[in-house]
Student: 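Have a look at this one.
Naming convention: chains lettered A, B, ... in sequence-line order (proteins, then strands); numbering from 1 in each chain.
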Amino acid sequence: MPELPEVETTRRGIEPHLLGRTVSRVIVRNRQLRWPVPARLDATLRGQRIAHVRRRGKYLLLGFEQGSLILHLGMSGSLRILPVSQPGEKHEHVEWQLDDGHCLRLRDPRRFGAVLWTRRDPLEHRLLAHLGPEPLSEAFDGDGLHTRAAGRRQAVKPFLMDSRIVVGVGNIYASEALFLAGIHPRRAAGRISLARCRQLATAIKQVLAEAIEQGGTTLRDFTDSNGRPGYFKQRLNVYGRAGESCPRCGQPIRQQVIGQRASYYCPRCQK
DNA sequence: ACTGGCTCCTGAGGGC
DNA sequence: TGCCCTCAGGAGCCAG
């Protein structure tokens, strides 16, 4: 399940292979993703040069001369650079062929991902226009978090996963950051002190930055057809570890569903 | 303005 | 060995 670190790692992995390349052909094998893949994508993109590869939240933005592709990996999507001659695999729904004999392929078994095209500034697109700050930027800090949380009774974990508050904090890293900050996932967002909001913001930055570093080593080679990454489970303190000992105090870690999502926490360390 | 619940989909994992 | 059932999970969307 790609969270922000995996999306950023993907961006870094594909960028050098795409910059300055021209699309020679687009093949859409299955257009039924979260939204239908735009019709005539091949006609739209053919001959256009890729000017930049950016990321906003978990969206990847491929900038062309006449518009931008907006890509989302959903929860099972992945992008790889392969030789065009490489035989296709199951669930490879879209292929962008480049002028150097390689192609970018989107594989997405669960098809929660998205491929959209816009001729305007992608940051103004309705899916992106109202996103909260990037967690690793200076625009995101504990003071801002505290302000946004004021008066809200929603549990802090789903609050953190709301992309209008901050982007890119998915289910796994929300649990991890709350553990680091010592905050119970069910605590009302509006009942966290400024000092603890600052700790929480720091924890979010730390967890995501560390995961990106990990991703950088795990997902090194995007041209390797065998390079499916494992997830960074070895680094996780609480996620997926119900019943195991808390690494800080030894208490058994608990699992609880909060906002329809599995949440993991230490009942002793997190208040 | 908030909040919780539903939805899309497939593969994994458990039970028998 | 295989079949069936259940469930996870990002995030937009809608109802209350």
Side-chain angles (χ1 to χ4, degrees), chain A residues 1-11 28-37 55-61 70-79 88-94 106-116 118 122-135 145-177 185-192 204 207-208 211 215 228-233 236 238-243 255-264:
Chain A
M1 52 218 92
E3 298 218 21
L4 184 143
E6 279 185 316
V7 178
E8 175 59 21
T9 303
T10 295
R11 192 197 68 75
V28 180
R29 298 194 169 84
N30 185 348
R31 62 177 68 253
Q32 300 308 312
L33 301 184
R34 192 178 209 286
W35 296 282
V37 176
R55 177 188 62 75
R56 177 73 174 102
K58 294 184 189 171
Y59 291 95
L60 285 167
L61 309 173
I70 301 175
L71 307 181
H72 198 288
L73 300 178
M75 58 163 295
S76 62
S78 60
L79 287 165
E89 287 178 29
K90 208 177 172 188
H91 305 301
E92 286 182 341
H93 306 311
V94 185
L106 172 67
R107 184 179 125 89
D108 185 5
R110 296 196 182 172
R111 293 193 273 122
F112 283 7
V115 175
L116 302 169
T118 177
L123 300 178
E124 302 293 315
H125 190 278
R126 47 180 282 275
L127 293 176
L128 294 144
H130 304 290
L131 293 178
E134 287 288 328
L145 198 58
H146 188 253
T147 304
R148 296 297 307 270
R152 294 186 63 160
R153 282 174 290 182
Q154 186 184 27
V156 62
K157 181 162 170 284
F159 172 77
L160 288 180
M161 292 171 63
D162 181 339
S163 64
R164 291 166 300 184
I165 303 303
V166 56
V167 296
V169 181
N171 198 41
I172 294 174
Y173 294 112
S175 275
E176 292 297 310
R186 204 181 274 285
R187 171 171 284 272
R191 298 195 54 191
I192 301 173
I204 289 169
V207 152
L208 293 177
R228 276 319 300 138
Y231 212 65
F232 328 113
K233 279 222 161 65
L236 301 177
V238 289
Y239 186 85
R241 296 188 183 278
Q255 181 193 338
Q256 211 179 91
V257 175
I258 303 172
Q260 295 91 246
R261 290 291 177 273
S263 308
Y264 301 85

Student: Please confirm whether the backbone N or O of A:Gln32 pairs with a side-chain atom of A:Arg111, one donor and one acceptor, at under 3.5 Å?
Tutor: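 Side chain of A:Arg111 to backbone of A:Gln32, a donor-acceptor pair under 3.5 Å: yes, one is there.
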Student: Would you say A:Ser76's side chain and A:Arg110's backbone share a donor-acceptor pair under 3.5 angstrom?
Tutor: yes
Student: Side-chain N or O of A:Arg152 versus OP1/OP2 of B:dT3: is the shortest distance under 4.0 Å?
Tutor: yes
Student: Just N and O in the side chain of A:His72: are any of them under 4.0 Å from OP1 or OP2 of C:dG10?
Tutor: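 For C:dG10, OP1/OP2 do not have a side-chain N/O of A:His72 under 4.0 Å.
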Student: A:Arg261 or A:Gly151: which one's nearest nucleotide on DNA chain B is closer to the 5' end?
Tutor: A:Gly151
Student: Just how far, in rounded Å, is C1' of B:dT10 from CD of A:Glu89?
Tutor: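 Distance check: A:Glu89 CD to B:dT10 C1' gives 16 Å.
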Student: How many whole angstroms separate atom CZ of A:Arg111 from atom P of C:dA8?
Tutor: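 Taking atom P of C:dA8 as the reference, CZ of A:Arg111 is at 21 Å.
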Student: Taking CZ from A:Arg126 and C1' from C:dA11, how many angstroms apart are they, rounded to a whole number?
Tutor: 12 Å
Student: Are any of A:Tyr239's side-chain N or O atoms less than 4.0 Å away from OP1 or OP2 of C:dG9?
Tutor: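 For A:Tyr239, the contact criterion (side-chain N or O under 4.0 Å from OP1 or OP2 of C:dG9) is met.
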Student: Among A:Lys157, A:Arg186, A:Gln256, find the one that has a side-chain hydrogen bond (donor to acceptor under 3.5 Å, both in side chains) with A:Ser263.
Tutor: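 Among A:Lys157, A:Arg186, A:Gln256, the one meeting side-chain hydrogen bond (donor to acceptor under 3.5 Å, both in side chains) with A:Ser263 is A:Lys157.
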Student: Going from CG on A:Leu71 to CZ on A:Arg11, what distance comes out if it is rounded to the nearest 0.5 angstrom?
Tutor: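 Answer for the CG-CZ pair, A:Leu71 versus A:Arg11, is 13.0 Å.
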Student: Please tell me if A:His91 has a side-chain N or O lying less than 4.0 Å from either OP1 or OP2 of B:dG11.
Tutor: yes
Student: Base, sugar-phosphate alone, or nothing: which one does A:Leu33 contact when heavy atoms must sit under 4.0 Å apart?
Tutor: nothing
Student: Nearest-Å distance, NE2 (A:His93) to P (B:dT10)?
Tutor: 8 Å
Student: Could you check how far CE of A:Met75 sits from P of C:dG12, rounded to whole Å?
Tutor: 15 Å
Student: Starting at CD1 of A:Ile172 and ending at P of C:dG9, how long is that distance when rounded to a whole Å?
Tutor: 7 Å
Student: Answer yes or no for this row: A:Phe112 ring on C:dG9 base, centroids under 5.5 Å, planes under 30°.
Tutor: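 According to the criterion (under 5.5 Å, under 30°), no, A:Phe112 does not stack.
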Student: From CD of A:Gln260 over to P of C:dC14, roughly how many Å is that when rounded to an integer?
Tutor: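 Whole-Å distance recorded here is 17 Å.
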Student: Roughly how far, to the nearest 0.5 Å, is NE2 of A:His130 from CD of A:Glu124?
Tutor: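 Here the rounded value is 9.0 Å.
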Student: If you compare every side-chain N and O of A:Tyr173 against the phosphate oxygens of C:dG10 (OP1, OP2), does one of them come in below 4.0 Å?
Tutor: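 A:Tyr173 to C:dG10 OP1/OP2: no side-chain N or O under 4.0 Å.
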Student: According to a strict under-4.0 Å criterion, is A:Lys58 in side-chain N/O contact with OP1 or OP2 of C:dA11?
Tutor: yes
Student: Between C1' on B:dT10 and CG on A:Asn30, what's the gap in Å once rounded to a whole number?
Tutor: 13 Å
Student: So what does A:Phe159 touch, heavy atoms closer than 4.0 Å: a base, only the sugar-phosphate, or nothing?
Tutor: nothing
Student: Assess the residue pair A:Arg56 and A:Glu134 against the criterion (salt bridge (charged side-chain N to carboxylate O under 4.0 Å, His left out)); give the C-alpha distance rounded to whole Å, side-chain angles, the decisive distance to 0.1 Å, and a yes or no.
Tutor: CA-CA 7 Å; A:Arg56 177 73 174 102; A:Glu134 287 288 328; 3.0 Å; yes
Student: So what does A:Arg153 touch, heavy atoms closer than 4.0 Å: a base, only the sugar-phosphate, or nothing?
Tutor: sugar-phosphate
Student: Heavy atoms under 4.0 Å, any strand shown: does A:Arg34 hit a base, just sugar-phosphate, or nothing?
Tutor: base
Student: Do A:Arg110 and C:dA8 have a side chain to base donor-acceptor pair shorter than 3.5 Å?
Tutor: yes
